[in-house]
Amino acid sequence: MPTVVGIRFKKAGKIYYFDPEDTGVQKGDYAIVETARGMEYGEVVAGARSVDEKEIVPPLKSVLRKATKADREKVAENEMREKEAFNICTRKIKAHSLPMNLIDVEFTFDVNKIIFYFTAEGRIDFRELVKDLAAVFRTRIELRQIGVRDEAKMLGGIGCCGRPLCCSTFLGDFEPVSIRMAKDQKLSLNPTKISGICGRLMCCLKYENYLYCGKEGGCAREREREKAPRHGSVVMTPLGEGKVVKVNRNEKTASVQLTPDNVIQVSWDEIVEAVQAEV
């Protein structure tokens with residue numbers, strides 16, 4: 001199995017594998033690597049380890065060297081130039097009256113390419129804008145349209161929970177989130193309560209979903225789901241027959257309504273019989 005190190009180029013960005021060769025890079029170091037975009041500067045977030053070849057996207061590129069003080073100074077210089085490029089591009093967009101919103105600018109380490117990230121309602125003809133930018137910076141220009149989730153990841157912010165956005169702090173990749181997850185967890189289906197600042201369903205709906213749907217965690221989770229009483233079903237408890245009005249999957253208990261004024265908490269193991277017919 002090949003030996004690799006994991007390198008991340010942005011905070012909360014995706015981790016890419018590279019061959020460390022004889023560079024001696026360790027977790028916590030910064031390194032210069034060769035990518036499809038050219039030379040890049042990144043942080044080693046996973047030390048050298050052997051991985052299955054199926055986990056690697058060929059071809060496996062190599063770490064060129066450990067980053068030096070001069071490299072770090074160049075990165076700081078590029079960050080200053082990115083701010084200047086952002087202002088220039090904003091003025092050019094306004095001059096061309098293009099219906100697009102510039103989000104971020106990224107220089108490759110060797111300034112072989114400048115990438116401008118933007119959002120827009122539809123497709124934009126930015127060919128004249130690219131010509132103007134190429135004339136100013138005299139290097140390769142790429143304009144990349146991104147979605148609202150990527151916009152939130154780049155800009156950051158505070159979620160409804162009062163904490164920094166998950167996507168901008170630790171989520172490397174976006175995972176599919178569906179309204180079904182909210183239904184399974186008995187959450188309010190009010191869009192304002194289950195949507196993030198990006199306007200899409202909150203990523204955290206995915207975190208505990210396996211406790212409810214059994215799609216993750218293997219056969220044990222699936223058996224646990226089958227054992228859980230169904231909401232709305234009629235069950236037999238030690239205190240009599242009643243209707244399941246609430247199911248707590250974390251504590252493995254159910255709220256059973258015996259009479260209109262009497263609701264009890266019962267362990268799943270105490271439910272000795274369940275009638276399949278819905279009330």
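Basis for what follows: all heavy atoms, side chains included, without hydrogens, waters or symmetry-related copies.
A side-chain donor from one of Asp71 and Thr68 sits under 3.5 Å from a side-chain acceptor of the other. Between the side chains of Asp261 and Thr259, no donor N or O sits under 3.5 Å from an acceptor N or O.
Note: His96 NE2 to Asp125 CG = 10.5 Å, rounded to the nearest 0.5 Å. Annotation: the span from Asn78 atom CG to Glu73 atom CD amounts to 12.0 Å, rounded to 0.5 Å. Distance check, rounded to the nearest 0.5 Å: OG of Ser62 to CD of Glu21 gives 3.5 Å. To the nearest 0.5 Å, atoms NZ (Lys131) and CD (Glu128) are separated by 4.5 Å. Leu201 contributes atom CG, which lies 5.0 Å from atom CD1 of Ile194 (distance to the nearest 0.5 angstrom). Note that CD1 of Ile32 and NZ of Lys74 are 8.5 Å apart. Values are rounded to the nearest 0.5 Å.
Side-chain contact between Val148 and Glu151 is present, with at least one heavy-atom pair separated by less than 4.5 Å. No side-chain heavy atom of Glu77 sits less than 4.5 Å from a side-chain heavy atom of Met80. Taking 4.5 Å as the limit, every side-chain heavy atom of Thr3 sits out of range of all side-chain heavy atoms of Asp19. You'll find the side chain of Met202 reaches within 4.5 Å of the side chain of Cys160, heavy atoms only. Using a 4.5 Å cut-off on side-chain heavy atoms (C-beta onward), Ile124 and Pro99 make contact.
Between Ile158 and Leu165, the shortest heavy-atom contact is C-CD2, 4.0 Å. The nearest pair of heavy atoms linking Pro229 to Ala254 is CG-CB, 3.9 Å. Residues Lys66 and Gly24 come closest through the heavy atom pair CE-O, 3.5 Å. Heavy-atom minimum distance, Cys203 versus Val177: CA-CG2, 4.1 Å. Residues Lys92 and Leu129 approach most closely at CB-CD1, 3.4 Å, considering heavy atoms. A pairwise comparison of heavy atoms in Ile7 and Ala31 identifies CD1-CB, 4.3 Å as the closest pair.
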Practice task
Could you walk me through whether Phe174 and Cys167 pass side chain to side chain contact (heavy atoms under 4.5 Å, CB included), step by step?
Solution key: CA-CA 8 Å; Phe174 289 112; Cys167 59; 3.6 Å; yes
Exercise for the section: Begin from the C-alpha positions of Phe118 and Phe126 and carry the test ring pair (Phe, Tyr, Trp, His ring centres under 6.0 Å) through to its verdict. Expected result: CA-CA 11 Å; Phe118 71 94; Phe126 46 69; 5.8 Å; yes
Exercise for the section: Kindly determine whether Tyr30 and Tyr41 satisfy ring pair (Phe, Tyr, Trp, His ring centres under 6.0 Å), including the steps that lead there. Expected result: CA-CA 7 Å; Tyr30 287 86; Tyr41 174 95; 5.3 Å; yes
Exercise for the section: Go through the steps to decide whether Val136 and Ile88 satisfy the test side chain to side chain contact (heavy atoms under 4.5 Å, CB included), and finish with yes or no. Expected result: CA-CA 9 Å; Val136 173; Ile88 293 174; 4.3 Å; yes
Practice task
With side chain to side chain contact (heavy atoms under 4.5 Å, CB included) as the test, would you mind laying out the steps for Thr35 and Tyr16 before giving the verdict?
Solution key: CA-CA 10 Å; Thr35 70; Tyr16 297 89; over 6 Å; no
Exercise for the section: Report the C-alpha distance between Val256 and Val263 in whole Å, list the side-chain angles of each, state the deciding distance to 0.1 Å, and finish with yes or no for side chain to side chain contact (heavy atoms under 4.5 Å, CB included). Expected result: CA-CA 5 Å; Val256 180; Val263 178; over 6 Å; no
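A donor-acceptor pair under 3.5 Å links the side-chain atoms of Lys153 to the main chain of Ala12, judged by distance alone. At least one donor-acceptor pair closer than 3.5 Å links the side chain of Thr169 to the backbone N or O of Cys166. Of the possible polar contacts, none joining the Lys61 side chain to the Ala36 backbone as a donor-acceptor pair under 3.5 Å is found. A donor-acceptor distance shorter than 3.5 angstrom exists from the side chain of Ser188 to the backbone of Asn190, with no hydrogens or angles considered. Distance alone, capped at 3.5 Å, is enough to place a donor-acceptor pair between the Glu270 side chain and the Ser267 backbone. Side-chain atoms of Lys14 never come within 3.5 Å of backbone atoms of Gly172 as a donor-acceptor pair (strictly under, hydrogens ignored). A donor-acceptor pair under 3.5 Å is formed between the side chain of Gln185 and the backbone N or O of Leu205.
Hydrophobic clustering (side-chain heavy atoms under 4.5 Å, transitive across Ile, Leu, Val, Met, Phe, Trp, Tyr) groups Val235 together with Leu239. When the side chains of ILVMFWY residues are joined at heavy-atom separations under 4.5 Å, either directly or via intervening members, Val44 and Tyr17 end up in two distinct hydrophobic clusters. Met181 and Ile179 end up in the same hydrophobic cluster when Ile, Leu, Val, Met, Phe, Trp and Tyr side chains are linked at under 4.5 Å. Neither Val51 nor Ile15 shares a network with the other; the hydrophobic side chains, linked directly or stepwise wherever heavy atoms of I, L, V, M, F, W or Y lie under 4.5 Å apart, form separate groups for each. Leu133 is connected to Leu98 through a chain of hydrophobic side-chain contacts under 4.5 Å among Ile, Leu, Val, Met, Phe, Trp and Tyr, so both are in one cluster.
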Under 3.5 Å, sequence neighbours excluded: what are the donor-acceptor pairs made by side chains of residues 100-112?
| residue | atom | partner | partner atom | Å |
| --- | --- | --- | --- | --- |
| Glu106 | OE1 | Lys10 | NZ | 3.2 |
| Glu106 | OE1 | Tyr117 | OH | 2.7 |
| Glu106 | OE2 | Arg37 | NH2 | 2.7 |
| Thr108 | OG1 | Asp110 | OD1 | 3.0 |
| Thr108 | OG1 | Val111 | N | 3.4 |
| Thr108 | OG1 | Asn112 | N | 3.0 |
| Thr108 | OG1 | Lys113 | N | 3.2 |
| Thr108 | OG1 | Lys113 | O | 3.3 |
| Asp110 | OD1 | Asn112 | N | 3.1 |
| Asp110 | OD2 | Met39 | N | 3.4 |

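Counting heavy atoms of neighbouring residues, nucleotides and ligands inside a 6.0 Å radius, atom CD of Glu84 does not exceed 12 of them.
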